[in-house]
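Below is one structure, written out as structure tokens; the observations come after it.
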Amino acid sequence: MIAEVIVDLALNQTDKPFDYSIPESLQPLVERGARVIVPFGPRKLVGFVVAIKSDTALEKVRPIHSVIDQTPVLTDELLQLGKWLAKETLCYEISAFLAMLPAAMKASYKKVISVADAGLFENEFMDLLFLFKNGEQIEWESLQKTHGSWLKRIKEALQAGALKEHQQVNQGQAVKKMKVVQPALTYDELKQSLETFKGRAKKQRDVLTFFLEQESPTAIAVNEVIRATNVSRATIKTLVQKGFLIETEKEVYRDPFQGSAKPTIPLELTDEQQAAIHPVLEDLDERRHRVHLCHGVTGSGKTEIYLQAIQRVLEKGQEAIVLVPEISLTPQMVERFRGRFGDEVAVLHSGLSRGEKYDEWRKIHRGEVRVVVGARSAVFAPFTNVGIIIIDEEHETSYKQEESPRYHARDVAIFRGEFHHCPVILGSATPSLESYARAQKGVYRLAPLLKRVNQKPMPPVSIIDMREELRAGNRSMFSRDLFQSLQERLRKGEQSVLFLNRRGYSTFIMCRDCGHVLSCPHCDISLTFHRKNNKVKCHYCGFEEQVPHQCPSCGSEHIRFFGSGTQKVEEALTTLLPEARVIRMDVDTTRKKGAHERFLKAFGRGEADILLGTQMIAKGLDFEKVTLVGVLAADAMLHLPDFRSTEKTFQLLTQVGGRAGRHQLDGEVIIQSYTPEHYAMTLAAEHDYQHFYLKEMQSRKRHDYPPFYYLSLITVSHESFARASGVAEQITRLLAQELTSQAIILGPVAPPIARIKDRYRCQCMIKYKNEPKLKQTLKNILDHYQGAFSKEGLSISMDIDPYLMM
DNA sequence: AGCACGCCGACT
DNA sequence: GTCGGCGTGCTC
């Protein structure tokens with residue numbers, strides 16, 4: 001038999017299946033979707049079996065070396081999906097496969113050197129003995145680093161045959177093992193021997209007694225025994241040595257959510273909720289694929305609909321995938337699912353360690369759970385009988401992966417929904433224009449949830465004109481209204497949430513004398529000040545340096561921080577409202593594991609009066625005593641060079657507004673803006689999605705943007721600006737030739753950040769409605785410049801449906 | 001990616 | 001006449 005294998009080399013020339021024979025002994029293990037190790041030229045590589053056939057057109061095929069997986073890691077469905085992803089996003093098939101698996105399964109390769117001919121080695125290469133003392137293997141890589149001067153000599157030894165080198169394939173996964181002990185004797189024997197333990201060995205007696213007290217003689221974790229009997233590790237070791245206990249290792253899962261969640265029961269649905277869920281349940285019963293766009297305002301009970309739909313899926317013996325944006329994968333959210341479905345739930349998000357993610361993935365793979373709640377990549381959960389896929393906060397741009405494979409989770413979800421004949425629910429209070437337009441056209445089914453479950457009206461929103469404040473002589477970052485409201489909450493013992501979508505202390509540092517802005521020497525972007533270590537940092541390449549005392553341009557000492565980040569707001573708060581207890585949440589303060597959760601819990605317990613934060617506090621939070629939400633700079637992102645910036649602003653303001661007054665107490669929202677008349681502000685304040693949709697659609701239509709046109713973006717980068725723009729120019733011309741006259745081809749233009757890591761960038765954008773030749777043309781372009789990639793460091797990236805234009 | 005093959009300049 | 005530079009092409 002012959003296996004077709006996609007090898008682990010992300011390259012143009014290897015982006016196709018290679019044929020290998022299957023040795024008799026491996027016959028039963030080699031299955032489609034399993035990973036294998038295959039010889040490839042002089043080395044060994046990991047590969048995925050994509051097909052098995054009886055013969056091959058080639059005359060020389062080499063045999064598969066070994067099989068990694070007992071059970072295939074990719075189902076037939078996922079293999080198909082990988083192929084589709086490669087075609088749609090213009091990535092290599094191997095990249096698509098790897099994107100579907102936890103990072104812990106990514107293989108690494110290293111070359112190791114060991115003694116081949118001991119006699120020859122001792123005779124002729126005694127000088128190398130210190131390196132190869134006791135038949136050790138040495139990694140080539142570390143050798144290069146630590147003993148560079150010996151490389152030449154080692155090469156001689158290799159040539160002479162005294163040393164040999166070979167490839168080591170490291171599949172890199174880390175199964176966590178735990179030491180467990182169990183009695184080596186039967187209950188009665190144990191009881192008897194306990195009586196022979198006389199005199200001093202009290203601790204050992206304690207341990208044996210502990211085992212006697214157990215209901216069944218199962219293995220117990222060493223740590224557990226130590227804790228329960230209050231003995232030291234030495235005691236257990238002695239008992240093992242004496243033969244009373246047997247020590248073994250047991251595979252364990254790392255449990256990121258220790259303990260169980262409080263069980264919750266299904267709530268009675270309102271009429272509106274009934275109307276929204278009913279067609280979904282129908283789809284489930286009829287095994288029909290449809291996409292439901294659940295447009296539910298904050299507090300309308302979307303999650304309960306998800307939960308009850310999943311309930312039905314589980315009753316039917318099927319599985320459910322729930323996607324949640326990374327940022328709102330808060331413990332609060334996870335608890336709701338674990339509370340309803342308990343141990344049936346696996347969780348996948350970036351807060352987990354590599355190993356933890358791998359363990360959660362294995363639970364899914366082994367069929368030990370039937371619900372997965374996770375961020376973008378959880379859409380690839382290796383379930384075999386998917387009953388529903390839910391994407392919460394459907395409009396979030398984090399569902400689009402910004403590196404290869406540049407896929408959108410929504411598209412993958414729909415692919416899988418079609419495959420499994422199951423419904424897909426897209427839920428949002430502020431659907432993306434793309435999705436809402438599709439619902440309007442009847443491609444998706446619209447399920448509106450426009451009432452809040454608790455009948456509470458939306459909180460009143462006021463927009464403050466910050467230009468007005470300035471004119472009135474208020475130069476602080478708080479308007480008079482906001483400041484007054486904050487004071488009032490403090491007095492009443494209620495809580496406030498302040499929202500700012502910038503991190504760090506200030507956005508940039510400017511010289512007041514000459515206007516010089518500190519910028520990164522490698523990227524065309526200003527440096528961001530971080531107070532913690534008094535340094536400025538580039539967010540694109542990581543460049544870092546001490547803040548200069550003098551302006552590097554004119555030598556003036558009047559160097560100042562501009563813009564206001566969360567740190568600066570925090571400082572202002574402590575000066576203006578010294579009695580207020582403030583919790584600041586941004587990327588910097590929540591970097592440590594569990595910090596996010598800790599802050600929110602503390603705020604929930606009322607340990608602070610004001611929660612100040614960035615993006616991450618915009619959604620999902622639900623605190624009883626929050627009655628004021630303030631947005632400090634609502635137009636901060638309105639003017640970003642991105643056609644979605646208006647939409648994003650509207651979504652954010654709506655989202656943030658939903659945080660106030662969700663319970664007994666009435667809430668209020670204050671938005672500070674320099675462009676208060678902008679419709680993203682006024683319509684968000686009126687909670688008027690419909691109107692915003694119409695207005696924004698007009699603007700998109702005028703400018704030929706999605707959802708009226710599809711978009712593709714090509715970014716060329718090179719050390720030399722001329723080369724980058726030259727290639728972009730060539731590409732533009734070629735596209736104009738190949739595509740229909742309907743396509744709008746823009747560029748080449750320099751993107752907002754024209755240089756990153758010392759490489760100049762140039763872009764070309766294509767707007768189109770129907771271009772059957774587009775993907776093929778783009779692929780041809782990639783192939784054409786293939787040679788130039790490695791040779792002269794040219795790089796071309798293609799993004800179908802980009803969400804990040806920078 | 002690695003590695004071999006292969007074709008032109010500076011050396012014993 | 002040979003050693004070695006790295007351009008080109010292949011790996012089932």
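- A donor-acceptor pair shorter than 3.5 Å cannot be found between the side chains of A:Tyr760 and A:Ser720.
- Side-chain N/O atoms of A:Asn780 and A:Gln776 include a donor and acceptor closer than 3.5 Å.
- The nearest whole Å value for the distance from the CD1 atom in A:Ile37 to the P atom in C:dC12 is 16 Å.
- Annotation: ring-ring contact (aromatic ring centres under 6.0 Å, His included) contacts involving residues 54-74 of chain A, sequence neighbours excluded, are absent.
- Separating the CG atom of A:Asp8 from the P atom of C:dT11 is a distance of 19 Å, rounded to the nearest angstrom.
- Residue A:Lys16 is in base contact, counting any heavy-atom pair closer than 4.0 Å across all strands shown.
- Note that A:Lys44 lies outside the cation-pi zone of A:Phe40, set by a 6.0 Å cut-off to the ring centre and a 45° limit from the axis.
- Nucleic acid contact for A:Arg43: base, since at least one base atom lies under 4.0 Å from a heavy atom of the residue.
- Protein chain A contacts DNA chain B over a range whose 5' and 3' limits, counting nucleotides with an atom under 4.0 angstrom from a non-hydrogen atom, are B:dA1 to B:dC3.
- In this structure, A:Arg362 forms a cation-pi arrangement with A:Tyr358, its terminal cationic atom sitting closer than 6.0 Å to the ring centre and no more than 45° off the ring axis.
- In this structure, A:Arg62 atom CZ and C:dC10 atom C1' are separated by 12 Å, rounded to whole Å.
- Contacts of A:Phe40 with the nucleic acid, taken as non-hydrogen atoms under 4.0 Å apart, include base atoms.
- Residue A:Asp15 contributes atom CG, which lies 15 Å from atom C1' of C:dC12 at whole-angstrom precision.
- Distance A:Ile6 CD1 to C:dT11 P: 16 Å, rounded to the nearest Å.
- Residue contacts for A:Gln13: at a heavy-atom cut-off of 4.0 Å it reaches a base atom on one of the strands shown.
- Following rounding to the nearest Å, A:Leu58 (CG) and C:dC12 (P) show an atom-to-atom distance of 10 Å.
- A salt bridge links A:Lys53 and A:Asp19; the closest N-O separation between the charged side-chain nitrogens and carboxylate oxygens is under 4.0 Å.
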